[in-house]
Amino acid sequence: MKIDGTSISPVGSVQAATRVSQTSKVNTVSEKDQLAVSENAQVFQKLLQKMKEMPDIRDDRVKAISEQIANGEFNLDAASIAEGIISPSGMEGK
């Protein structure tokens, strides 16, 4: 078979590879896999789980503030708002 003057072997003449080297299975018995988690990672995991269990909206705080607003007792204090934003514990207990 010739295409543009180049000789191409027909597909039927392709020989199958008969020399395949055999691989030997080597089963090595190893110790059981172990996983060690640092103490910091364990603490982080516990905190993350607690955070996931917390509700997105604290209904008790919403209800308390709503009642204060309805009674005219809710006053915005810029200093306490700033403190609540800056402090790590937020405005809990206020």
Side-chain angles (χ1 to χ4, degrees):
M1 172 189 252
K2 288 189 178 189
I3 297 177
D4 296 332
T6 307
S7 177
I8 299 177
S9 302
V11 176
S13 67
V14 175
Q15 301 282 327
T18 57
R19 291 182 280 145
V20 176
S21 62
Q22 295 292 324
T23 59
S24 61
K25 282 189 171 182
V26 178
N27 291 334
T28 58
V29 178
S30 64
E31 298 294 322
K32 290 183 179 181
D33 293 336
Q34 295 180 354
L35 175 66
V37 180
S38 71
E39 186 177 339
N40 287 341
Q42 292 174 9
V43 169
F44 177 76
Q45 183 64 32
K46 288 177 185 176
L47 291 173
L48 185 62
Q49 183 62 34
K50 285 184 180 182
M51 186 191 73
K52 287 180 181 179
E53 292 171 359
M54 292 177 62
D56 290 336
I57 299 174
R58 294 179 45 201
D59 292 327
D60 58 330
R61 291 288 294 156
V62 171
K63 184 178 177 182
I65 292 172
S66 295
E67 288 175 1
Q68 288 177 354
I69 292 171
N71 296 333
E73 300 170 352
F74 185 73
N75 296 316
L76 292 176
D77 178 23
S80 65
I81 292 172
E83 182 182 335
I85 292 172
I86 294 172
S87 72
S89 62
M91 294 183 65
E92 289 183 25
K94 294 197 178 222

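In this text, all values refer to a predicted model and were calculated from it rather than measured experimentally. Numbers here are sequence positions counted from 1.
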> Got a sec, which residues hit side-chain contact (heavy atoms from CB on, under 4.5 Å) with A82, two or more places apart in sequence or on another chain?
Replying inline: none
> Under the side-chain contact (heavy atoms from CB on, under 4.5 Å) test, which residues partner L47, sequence neighbours left out?
Replying inline: V43
>> Quick check for you: to the nearest 0.5 Å, what is the distance between E83 atom CD and I85 atom CD1?
In response: 11.0 Å
> Who pairs with E39 by side-chain hydrogen bond (donor to acceptor under 3.5 Å, both in side chains), at least two apart in sequence or on another chain?
Replying inline: none
>> List the residues meeting side-chain contact (heavy atoms from CB on, under 4.5 Å) with F74, not counting sequence neighbours, and say none if there are none.
In response: I65, Q68, I69, L76
> Partners of N75 by side-chain contact (heavy atoms from CB on, under 4.5 Å), sequence neighbours excluded?
Replying inline: none
> For R58, which of V62, D56, D60 qualifies under side chain to side chain contact (heavy atoms under 4.5 Å, CB included)?
Replying inline: D60
> Got a sec, which residues hit side-chain hydrogen bond (donor to acceptor under 3.5 Å, both in side chains) with Q49, two or more places apart in sequence or on another chain?
Replying inline: E53
> Under 4.5 Å between any side-chain heavy atoms of I57 and P55, yes or no?
Replying inline: no
